[in-house]
Number of protein chains: 2
Amino acid sequence: MAKVSAREEISPAEGGSINDVARRAGVSIATVSRVINGVTRKASPATVARVREAIEALDYRPTSAGRALRQKTSRLVAVLAANLANPAMAAISASAEAALREQGLVMVLCDTHDRPALQDEYLREMLAQQARAIVLLAAVDSPMLRKVQTLKTPLIFVSRRNPTGPEGAFIGIDNRGAGEDVARWAIERGLRNAALIHAPSFSSATRDRVAGVLAGFAAAGSPLLRSMVLAPEAGDHLMIGFEAARRLLASGARPDLVVCTSDLIAFGAARAWREAAVAAPPRMIGFDDSPMNRWLAPELSSIRIPYEAFGDAIVEAISGASENVRTILPHELVERGFTPEPNPPR
Amino acid sequence: MAKVSAREEISPAEGGSINDVARRAGVSIATVSRVINGVTRKASPATVARVREAIEALDYRPTSAGRALRQKTSRLVAVLAANLANPAMAAISASAEAALREQGLVMVLCDTHDRPALQDEYLREMLAQQARAIVLLAAVDSPMLRKVQTLKTPLIFVSRRNPTGPEGAFIGIDNRGAGEDVARWAIERGLRNAALIHAPSFSSATRDRVAGVLAGFAAAGSPLLRSMVLAPEAGDHLMIGFEAARRLLASGARPDLVVCTSDLIAFGAARAWREAAVAAPPRMIGFDDSPMNRWLAPELSSIRIPYEAFGDAIVEAISGASENVRTILPHELVERGFTPEPNPPR
DNA sequence: GTTCAGTGGGAAAACGTTTTCCCAATCGGG
DNA sequence: CCCGATTGGGAAAACGTTTTCCCACTGAAC
């Protein structure tokens, strides 16, 4: 006791622990803790007021380490994103962050670069941090991912379904339906000579989008030619699009529409056509509708995913720990390139 | 003791604490801790091996809360970014993350949306998290920022200097010099009828860039007309650029070059010109050279900041707690728009 | 045969919370 | 007037680390 009060003399406005608050309010630390955590049944209004005043005066905030140690869980929510350079993922992260903050949770954002080893590294670290939940924004299969599922930490798959099995909470759009929408839209516009470029990955999102597009064109009686479907191994999505487009150009194919399973792929492909200076470049359509498309890619139509809605869905999935909630958010085909929009939205 | 060993029976492969490791290796927890932290002087090679084996077998990783509590500091490094939708900031974050991870540190990324209240909220939270350091990626003035400087948590200012005073470690480019470079480049190209668009903020970066550009043109005998310098209050950078360009167009001004103090502003401005469908739109040059410029903005020249280098500089600034390290990284004028690049770099 | 220095390692305190008991006082009903 | 329930609040344990002492042992020098 004497020791503690001596410490107080030394640190006048420094860190400040729950002890300082208790002493100032003339109560025990138990009472302070209860007030902080809103346990009203155990404190008289007068006491609550005194404690609040002391907290205010000392600008006190509970140290998270103490909490985490006792409660065996922290206020951190890990978001492991496959590629933060993708503006769409960045937008989802932003939405998640806002929603989490509103819950008093703190987002830790990590970039796995779509690499299993890095994803494992972060999974380990976030387990050590006793993260409240782990959100996988486009997960990849990895050993640690399998192990984590046997633990109790909530796991939430966003955009891509669980690559290790059918279980797991999921948030995303109906990728197959979106693919079919693209085909339907193309047929309506009379664009029947289409090419399709996708990443050579086995993510559920890519797979479903490809399947939807192919099925849609086939159902309309205009199945895509095999030679018009490309998935080169060329690095990131930008390079994939660029390389695929170059091959198409070299092959002499002249599609009237190029469907890309992500906007980044479309950016890369567009660049190839621009360089080739073809007289009448094909229409293009991508997926995600990255927020900057409206500014930078005025020729690119896209399936818009509702970024803003992901944050709330993630929060819901975390609290509603009820297993395996599947949230399918509505997508929307945004058409650009026929006539320029008169004014920028927003 | 009996209680503890009973618990072990229950949790065969669950969380696992240092106790489990110690028991398995037949040593005390003190020894385990020493091995983990590389204190070699206090353990025989044989013991070290046994402990390592046990750690491996149990897949043990120290809980960060215990550590943080004892050491009064965590392995978290907070990065408070003003706007993650800006690809340049996202790129800097990515670089920081990689460099920090290599040091065994974990980056917590937060988006302050350039709002003082939000920045304060995060500063508070990160203090409660006992963050090892706080990196301010484009800081804004705020009450808490002033208070944090009186504490011992290292504070590192990136891109923008400390808005509250002259002190503080800084990492960035020579913005004024870059502005002068832009003017020199313009004069060389014969572009003397320039407009300048900048954000109406008082950030050091914007201020220095503007000053450099103005000084450069003035020194060349072609000072910018007052009516050609715009800084409308219009929201984010995209809207600022769009609105400023609209005003220029409305005023009948026909600059041969538009200088923007950020690429985002340039994107917005470019869109206005595209909509207006002017026959010969002006050349444009921005700052930052966002990573996707080469793909999406082939007409935009830019002052490239070396994103990749920021991570290491940040790590260095954290460890070299020697006060007020100022790191000025080299910039580079990237010219685009005369002739398309034959091949995409990278 | 004693000391001395060094080596290897353990016991326990401390970090800041939350939470489980426990206790004292008050109050209402019989 | 006594008894039981309720209310308000405190003491202390527990959480998982790191780190400071402290101790036992081993050789080596005397």
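In what follows, chains are A, B, ... by sequence order, proteins preceding strands, each numbered from 1.
- Across all strands, B:T47 comes closer than 4.0 Å only to sugar-phosphate atoms, never to a base (heavy-atom distances).
- Spacing between atom CZ of B:R41 and atom C1' of C:dG6 amounts to 10 Å, rounded to whole angstrom units.
- Residue A:A30 is in base contact, counting any heavy-atom pair closer than 4.0 Å across all strands shown.
- Contact check, A:S28 against D:dG10: a side-chain N or O comes under 4.0 Å of OP1 or OP2.
- A:R160 has a carboxylate O that lies under 4.0 Å from a charged side-chain N of A:D114, or vice versa, which qualifies the two as a salt bridge.
- Atom-to-atom, CG of A:L69 to P of D:dA14 comes out at 13 Å; the value is rounded to the nearest Å.
- Nearest nucleotide to the A:I18 side chain, out of C:dG9, C:dT17, D:dG9: C:dT17.
- Among the nucleotides C:dT20, C:dG10, C:dT17, the one closest to any side-chain atom of A:R34 is C:dT20.
- A:R23 has its CZ atom 15 Å from the C1' atom of D:dG10, to the nearest Å.
- Going from atom OH of B:Y60 over to atom C1' of D:dT17 covers 7 Å, rounded to whole Å.
- For the pair B:V48 and A:I36, nearest-nucleotide mapping onto DNA chain C gives the more 5' position to B:V48.
- Considering only side-chain N and O atoms, A:K72 lies under 4.0 angstrom from the phosphate OP1 or OP2 of D:dG16.
- Straight-line distance from the NZ atom of A:K42 to the P atom of D:dT7: 10 Å, rounded to whole Å.
- In this structure, B:T31 does not reach the C:dG8 phosphate: none of its side-chain N or O atoms is under 4.0 Å from OP1 or OP2.
- Closest to the side chain of A:I29, out of D:dA12, C:dG16, C:dG9, is D:dA12.
- Taking only side-chain nitrogens and oxygens, A:S33 comes nearer than 4.0 Å to OP1 or OP2 of C:dT18.
- Across D:dC22, D:dT18, C:dT17, the shortest atom-to-atom separation from the side chain of A:R70 is found for C:dT17.
- Electrostatic pairing of B:D120 and B:K147 does not count as a salt bridge here, judged by no charged N lying under 4.0 Å from a carboxylate O.
- A straight line from CD of A:Q130 to P of D:dT17 spans 9 Å, rounded to a whole angstrom.
- Looking at heavy-atom distances under 4.0 Å, B:S44 makes contact with sugar-phosphate atoms alone, never a base.
- Contact check, A:N37 against C:dT18: a side-chain N or O comes under 4.0 Å of OP1 or OP2.
- In this structure the side chain of A:R124 reaches within 4.5 angstrom of the side chain of B:R61, judged on heavy atoms.
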Could you give me the CA-CA distance, side-chain angles and deciding distance for A:L100 and A:V106, then say whether side chain to side chain contact (heavy atoms under 4.5 Å, CB included) is met?
CA-CA 6 Å; A:L100 291 170; A:V106 180; over 6 Å; no
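- Between A:R24 and A:E53, at least one side-chain nitrogen of the basic residue sits less than 4.0 Å from a carboxylate oxygen of the acidic one, meeting the salt-bridge criterion.
- Whole-Å rounding puts the B:R67 CZ to C:dG16 P distance at 18 Å.
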